Structure formats: C-alpha cells, structure tokens
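Structure record follows, encoded as structure tokens.
Computed from a predicted structure; not experimentally measured. Side chains included, hydrogens not; waters and symmetry mates left out as well; all remaining heavy atoms used.
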Amino acid sequence: MRQRFRVLAVLLLLLLGFTNHLLTVTVQASPSQAVASKQADVQIASALPTPSTVLTSTEEPAERETSWYIPGWVDDMIQKVDDMIQSFKDLMSGKLIKDAIEGLVVLLVDELMSPLYDAFAQSYLFTPQIAEIAMVQSGWSLFMIIGLVLLFIGISWLTFKIIQGKKDLGSLLKVFLVCFVATYFSLTVLNIANVGINWIASKMFEGIIGTSGIAYEGLEGQQILKAMIVGSDGITDAAYAAQTLGELTVSTSGGIFNLLSYLLLVVLPLYVVAVLKTLVLIFMAMLVNLWITQSAYTGKMETLLGFANLYLRTLLVGLICGLHWAIFVKMQTDYGEGEGFCAALGIPPIIFAILSALALLVFFFFFWLKPLMRAVQHPVTLNGAQVLDSVGKWGERTSTSLDSMGKRMGSEGVQKKALSMQEASKRMQQAADRMRTQRSVGKDKLVSTLSGGLSESVQGITYHEPEEWLQEGGQIHVEALYELALGESEIKSSALNISEVLGDEGFRSVSLLKAPVAQRKLLSEKLSTLKKEYQEDVQWNEDTGELILAGHTLDMLPQLEQEGFDVSAVREGMYKDGAFVDLNSNPKISLLLGSSEAEHAAEQIKEALPLYTQAKLPQGKASSAYHALQERADEYPWVKELLLEQGVLWLPDDDLEEATEVLERMLTQTTRKIRVNFPRHSRFAASMIADWGRTGTSEGLTEVLELANDESHAYIPEEHWSEFQQAYDSYRKDRIPYWRAKDGAVYVIKDRVPVNYGQPPLDGLDMGSFEQLQKEMLHRHEQQRSKETQQANTPKAQEAGQVKDKGQVK
C-alpha cells in the first residue's frame, strides 16, 4: 500500500512539475535549440552586407527559474526530456543530419587548407626575397664561381689575341668584360627587381583598399583569404580571428557551395600559382650565371632576352595576383557598408571573386605558362628569338593602328612615329631570324677573322650590294593649311551715296593734293600769304606734302597750276578730322593723321558705309569659293553679303574674321609625303643632298626633302617623287659603293668578294660598317644553307612516309 502511495506521489509531483514548466517556468533553449537559433541568425545576417559571426559552444546557458516546491532532480529530468524532444524534432526535420554534414565538411576543408596557409603568407601577395633564401645563395655562389672562371679564361684568351694584333677582337673582349661584371652582380640586380615590385605592390594595396598602418608583408595566410570574404575587417578586426576560414565561408550566403567553390576555384589554383611562381624565381636566380656565361661564349643575346622576358613575366604574375586580391577586398569592404557595384546588384563579391579567379587563370596560361613551357623546351636559349619576333609583330600591328590614328587626327608627327615604329618592328623580326643562326655566324666570323677571310672562300660565302637601293617605307598625309591673303578694304557704294551719307556725319567735300617733294617748300611760302578767312579751309603738311582744300579754296587749284605747281596728283573726296575717303576710283579710307580723332572718324565711316575686303585668290578659285559658299547660306548668314566682281571675291568687313576662317578651311588641301629608306647602315644621303645643293642640281628637292639625323630615311612630297627617283638614280649610277672596317680598311665588292681598296673611291658611296655587311652576308649564307637542308630532308621524309603507307596497305 505504501509503495502504491509513493508511486502516486511521484506521478503527482511529475504532473505538477510539467504543468508548472509549461505555465510559469522560463527555460533557456537546449544546445540544439541554440544552434538552430544561431543558424537562423546567420541566415538573416547573410542577407546583410557582411556575414555575422557564429556563436561558439562555450557560451553559458541562462539559469532556469524553478518553483521552491519542485526538487532539483525533477528539474534536471525535465531538462533532459526537453533535450530529447528537441533532438527528435531536429532528427525528423533533417536539421541534425544537415548540421552534422556541414560540420564535417567544414572540418575537412579546414584540415585541407591548413598546410596551404604558409605559401599564401610568404609568396602570394609579395614576391619572395630570393636573395635571402639560403638554398638560392648557395646555388648562385657555386654557379657564379664556375661562370667567373670560364669568363676569366675567355678574357685571357681574347687579350692574348689582341696583343698579337687581332684588333677586331676588341668588341668580343668588351662583351666578356660586361658579362664578367654582370655575373658578379646578377643576384643583386634580381633582388632589386624583387624589392621594386614589392614596393609597387605595397603602395597599390594601400591605395586600393584605403588602409594605412598595416604591414601587409606580415599577414597570415588565413587573413589573406578571409579578407576576400569579409573585406578589410578580416585583417583589422580581431572578432574574426577565432573563426576558421571554413566556418567563415560557410556562414555566408551559399553555405557549403560557396565553401567548396572557393576552395576548388580560388584557393587551390592560386596556391599552385604562388608555389610555381616561387620555384621559377628560385630556379632562375640560381642558374642565371650559366646563361650569362653561355651568352658571352656564343654571342647569342637571345638567351639573355629570353631570361629577362620570363623573369619579368613571373614578377608581373605576382603583382597581378596581389592586384586581384586588393580589388576584391575593396569590393567586399564596400559591400559590407552597402556601397559599390555588388551592393547595387545584391550579389556577394565572393561570387565575382570566384569567376574572376577563373578568368585570371586563363590569362596566366597565355601570359605566363605558355612562354614558360616554351622556355623549358629550349633551356639553352629560353626561346629569346621567338620573344623578339613576337614583340616585332605586335609592334608592327601597333604602328599600323598608330598610323591610322595619326591620319585621322591630321598629325604629321604621329604618322612619322608610326612609320619609324613599323620599320623598327620589321628589324626586330629580322634580328630574331638572325638570332637563330647567331651561334654558327659568330663562329664563322671568328674563324674568318683568324684566317684573314680564307674560310669564307672555302665555305662559298658571297657578298652582294643592296638588293634594293631605295625602299618605300609608307606615306604620311599632311593637311596644308591655306593662308588667305587679303587686300585693302574698300567701300562698295556710289560716290553720290557716299557724299550724302558722310555729309550727314559731318564730313566735308575736299580736294587732296599730293605735292612733289621739290615744290613743298615753295608751296609752304605760297600758303603763308593766304588771307585769314581762307586759312580755316586749308590744311597743309609739309612733311607729307598733303594739301587739303575745302569750300571756296577749291578755286586755288587752277591758280596754283598757273604759277607752276604740279596739281596732277589731286583726289576728290570726303574729309573729317584726318580721315579721308577717296571718291575718284575705288573708294577707300585713308588716315592722314595719326590721332584718336582720325581713328574715331574712320570708325564712323565703317559704321555708316558697307566696307569690303578683297580675298586675293585666282579668278577660278574665287568663283568656285563664291558659288560653294552660296550653297551654305543657311549655315552662314553673311554669305548673302559676299560680292563677286569680275572674278574678284569681296568679303564683308563685319564678318571678315569668320569668312576668312571658313575660306581657309575650304581651301585646305591634303598632301602626301613618301618615306624612303636608304640601304641599311649607309652614310651617303647627307653627302648626296649637299652635292645637289653645291652643283645646283635638283635645288627644289633640297628645299622640300626632310632627311633623318641618322641618314637612314627621308621624306619627300608626293609631287617631287619622280624627280627624286631620277636624281637619286643619276647620283649613284657611276659611283662605287664602299664599306669601312673598324681597323680603317676600305672594302669594295668585286665579283662577289670584298676587296681592300686602300682609300675611299673619289666618286664613292659610303655604305657604312664592313662588319655589319659581313654579319648580314654570313646570316644570309647560314639561312640559305638551313633552307637547302630542309628542302633536302623533306623528300626523304615524304618517301619514308610513302613506304610506311605501302607497308600498312600490305
């Protein structure tokens, strides 16, 4: 009985406790409920500009409020029942399984990324200081010693040859000395390049992200990657330090998908780029001295060009990676503040970061990986010739675009620069072809020097004069601005109308006499005897000989003539305050006095009467311009005021400035100048032009021809092109081309052989350096030999293929 009572009491207490729990007791959510609430907060925060931080499991639950009459063990049991119910709900809804999978993925990703952080911290944003790496210092020192020993041997051998009298080996000695110095300072130069690129990167980060006082060189790998997700707060805010990269990424909108995409498409590929970039720099820094030594002995600058190209590309890859990172940190920072492009679209920047990383990898493949693979295929030359050839091709395309822009803008200077760039690009491509045969050519040249040229005869090397003595190098279009000449202004009105209009303005009818110099003194004596009442109507200037008579004094002219004065140069007109209008022939304004009153009177004439200025044009052009302007009356109202009188075009003075400008634009013509390239390395163009000027031959050419300072080319107006060709051919027709060697010897070509001529021919053409000619002939011979070898091998390969095909058929 007692047992039953006890069981009943326990059940009653349980019922009371459960009821009290439902009605009055406030209980903190269970751990699973806290997780649910926490993730709900994350989902809400993920829609905001920045992801919220995830609460950790170390937070203490709030104390339960219990009634005094419920024992503690009952309260604990109720808590456990609540936990079981919540866990059952989470299990049935799938949330428990989702949280478990998500936690497992985050854990695995964090474990996978942990070994990668060191590489990101050391070499992603900045180029490693390779000079401070012990392995690089050891390897570089070893190869430096080997290179210096080899170069010292080469310098000693060349010095011995020079002492023996082989003066032409001096250029080779200079090459060895330069390489000797370059070998010793090579690591220093590479380290300076690294420091420079890192300084640029640091300034770039400060400018783009907009932060200061941050030591970007000391950032950890996790900080670098977190900053692309939460912005600059990932670097500066300590609240994110407790979260792993996986936890931070999964808390953003997109969850596990963003985490896996970020890992596979951003972190891992960029990790490979960072590691490969570092390995390439280390390898190149250790072996740089071997390539320098090889260039000195073979004379192939192709190797150093290929090295510089590859090293510069590798440094730029690091700079571009840092630029990409800084841009998206800035985008994420702006997004967190509700600003910027991504905030306007409502798309998290991490999506764009993932897509841009793919585009960056594609760019790196073409910009860096392909040249790197080609250099690996040619480890001796590092594919330097192909680099120069590519630069030449790009330069040629650029020059074409620049020339088109210059023509559109009418800029003569831009067009000239474009043609010069085009010529330089072609020479780059030719230099690339020569680089491929430079080794054999350098050896042949050395052997030729030692044998006195006999080796060239044995090899069958022949010399030729230039195949093209004159080569067109393009055209430039020049707008020749027409400068319109203007005549004196005239009044276009009848004499009667002029008299009436100016009379109303206070002008008087007068006679103007221009007295001869010999009679001016006598005339002054004569006028001094005039009566006072006539003196007001007479104005006399003995210095200029101008006598003005008005009113009753007009009758004095016959009297003066009777007394022997010359009055033939008399003019009738209107006069006021020193301004005179001639009415005899072409009415025009003359200022007889240099006073302000005279200028004011002239302005009165211009306002009262129509003034026109003659446009000095040939009769045909004047008529064409007049009729062309009449069709543009709607555009220029003053066109209606134009006058065409007997083939002479008159412009109204009121619109003279605008009319002159329009006419000059209409009369502007586009002329062409042809660029001509003289034989390469030749030095006779200036002498030729001077000879033309001295002898009086083609004087017109000497005035219009523009010769370059290096005498490599000139510009000739198109209308003088035929004249120039004839004069050029006539000048060089009977002259002997000659080349001057470094030792002073003068060579001419006889029967395809260079012969020492002793002194320059009296009527000779200075063709420049003999060594340059020798190089060109050796390169041409080597290219011809390679071409013949390829042609000989092609039939053999075809025959072998045919035999193989027949065997397969059988």
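The backbone N or O of W469 lies less than 3.5 Å from a partner atom in the side chain of Y728, making a donor-acceptor pair. Here the side chain of R313 pairs a donor or acceptor atom with the backbone of F367 at under 3.5 angstrom. Between the side chain of Y757 and the main chain of P760, no donor-acceptor pair closer than 3.5 Å is present. With hydrogens and angles ignored, the 3.5 Å screen pairs no side-chain donor or acceptor of S730 with any backbone N or O of Q726. Checked by atom type and distance alone, the side chain of R735 pairs as donor or acceptor with a backbone atom of Y731 at under 3.5 Å. At distances below 3.5 Å, not a single donor-acceptor pair connects side-chain atoms of E505 with backbone N or O atoms of Q604. Within the 3.5 Å criterion, the main-chain N or O of D566 finds a donor-acceptor partner in the side chain of Q519. S682 places no side-chain N or O within 3.5 Å of a backbone atom of F678 that could act as its donor or acceptor partner.
A pairwise comparison of heavy atoms in P679 and P466 identifies CB-CG, 3.9 Å as the closest pair. The minimum heavy-atom distance linking E572 with S511 is given by the pair OE1-OG, 2.8 Å. Nearest heavy-atom pair across L513 and V567 is CD1-CA, 3.5 Å. Residues A598 and A579 come closest through the heavy atom pair O-CB, 3.8 Å. Nearest heavy-atom pair, A727 versus L701, reported as atom, atom and distance to 0.1 Å: CB-CD1, 3.9 Å. Closest approach of L611 to K606, counting heavy atoms only: CD2-CG, 3.5 Å.
If you take CD on E661 and CG on L484, they are separated by 12.0 Å, rounding to the nearest 0.5 Å. Atom-to-atom distance recorded for H681:NE2 and E771:CD is 11.0 Å, nearest 0.5 angstrom. Here I589 contributes atom CD1 and D582 contributes atom CG; the two are 12.0 Å apart, rounded to the nearest 0.5 Å. Here the CG-OH distance, from L651 to Y612, works out to 9.5 Å after rounding to the nearest 0.5 Å. Here S590 contributes atom OG and L592 contributes atom CG; the two are 6.5 Å apart, rounded to the nearest 0.5 Å. Note: L765 CG to M767 CE = 6.5 Å, rounded to the nearest 0.5 Å.
Open room surrounds CD on Q619; 12 or fewer heavy atoms of other groups in view lie less than 6.0 Å from it. Few gaps surround NE2 on H464; more than 12 heavy atoms of other groups in view lie less than 6.0 Å from it. At most 12 heavy atoms of other shown residues, nucleotides or ligands fall within 6.0 angstrom of atom CG in D634.
Between E488 and K588 a salt bridge is recorded (basic side-chain N to carboxylate O distance below 4.0 Å). Taking the charged nitrogens against the carboxylate oxygens, R672 and E719 have no contact shorter than 4.0 Å, which rules out a salt bridge.
Relative to the six-membered ring of Y738, R740 misses at least one condition, a distance below 6.0 Å or an angle of at most 45° to the axis. K673 forms no cation-pi arrangement with Y715, by the criterion of a distance under 6.0 Å to the ring centre and an angle within 45° of the ring axis. A cation-pi geometry, defined here as NZ or CZ lying under 6.0 Å from the six-membered ring centre and within 45° of its normal, does not hold between R732 and F684.
Taking 4.5 Å as the limit, every side-chain heavy atom of H713 sits out of range of all side-chain heavy atoms of V676. By the 4.5 Å heavy-atom criterion applied to side chains, M666 and K621 are not counted as neighbours. In this structure, D763 and P761 have side chains that are not in contact, with every pair of non-hydrogen atoms separated by 4.5 Å or more. Counting heavy atoms from C-beta on, the side chains of H324 and S356 come closer than 4.5 Å. Contact check for S499 versus L583: side-chain heavy atoms found under the 4.5 Å cut-off. No side-chain heavy atom of V570 sits less than 4.5 Å from a side-chain heavy atom of L512. Side-chain contact between Q630 and L642 is present, with heavy atoms from C-beta onward closer than 4.5 Å. By the 4.5 Å heavy-atom criterion applied to side chains, L319 and M204 are counted as neighbours.
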Practice task
Assess whether side-chain hydrogen bond (donor to acceptor under 3.5 Å, both in side chains) is satisfied between W739 and S769, documenting all intermediate values.
Solution key: CA-CA 6 Å; W739 289 260; S769 169; over 6 Å; no

Practice task
Take N497 and L609 through the side-chain contact (heavy atoms from CB on, under 4.5 Å) test and state the conclusion after the steps.
Solution key: CA-CA 9 Å; N497 183 61; L609 296 170; 4.3 Å; yes

Exercise for the section: Report the C-alpha distance between F580 and I548 in whole Å, list the side-chain angles of each, state the deciding distance to 0.1 Å, and finish with yes or no for side-chain contact (heavy atoms from CB on, under 4.5 Å). Expected result: CA-CA 10 Å; F580 176 78; I548 299 176; 5.8 Å; no

Practice task
I would like to know whether I491 and I498 meet side-chain contact (heavy atoms from CB on, under 4.5 Å); could you show each step before the answer?
Solution key: CA-CA 9 Å; I491 301 172; I498 294 174; 3.9 Å; yes

Practice task
Take L643 and L649 through the test side-chain contact (heavy atoms from CB on, under 4.5 Å) and record every step on the way to the result.
Solution key: CA-CA 6 Å; L643 296 178; L649 182 63; over 6 Å; no

Handout entry: Steps toward salt bridge (charged side-chain N to carboxylate O under 4.0 Å, His left out) verdict (E597, K576)
Key = CA-CA 9 Å; E597 290 82 1; K576 178 182 178 182; over 6 Å; no

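Ring geometry for Y636 versus W638: interplanar angle of 30 to 60°, hence tilted.
None of L617, L644, V648 except one satisfies the side-chain contact (heavy atoms from CB on, under 4.5 Å) rule with S623; the exception is L644.
Applying the salt bridge (Lys or Arg N to Asp or Glu O under 4.0 Å) test to pairs two or more places apart or on separate chains, those with a residue in residues 514-529 are K514-E546, K526-E563.
A donor-acceptor contact under 3.5 angstrom links the side chains of W540 and S524, judged on distance only.
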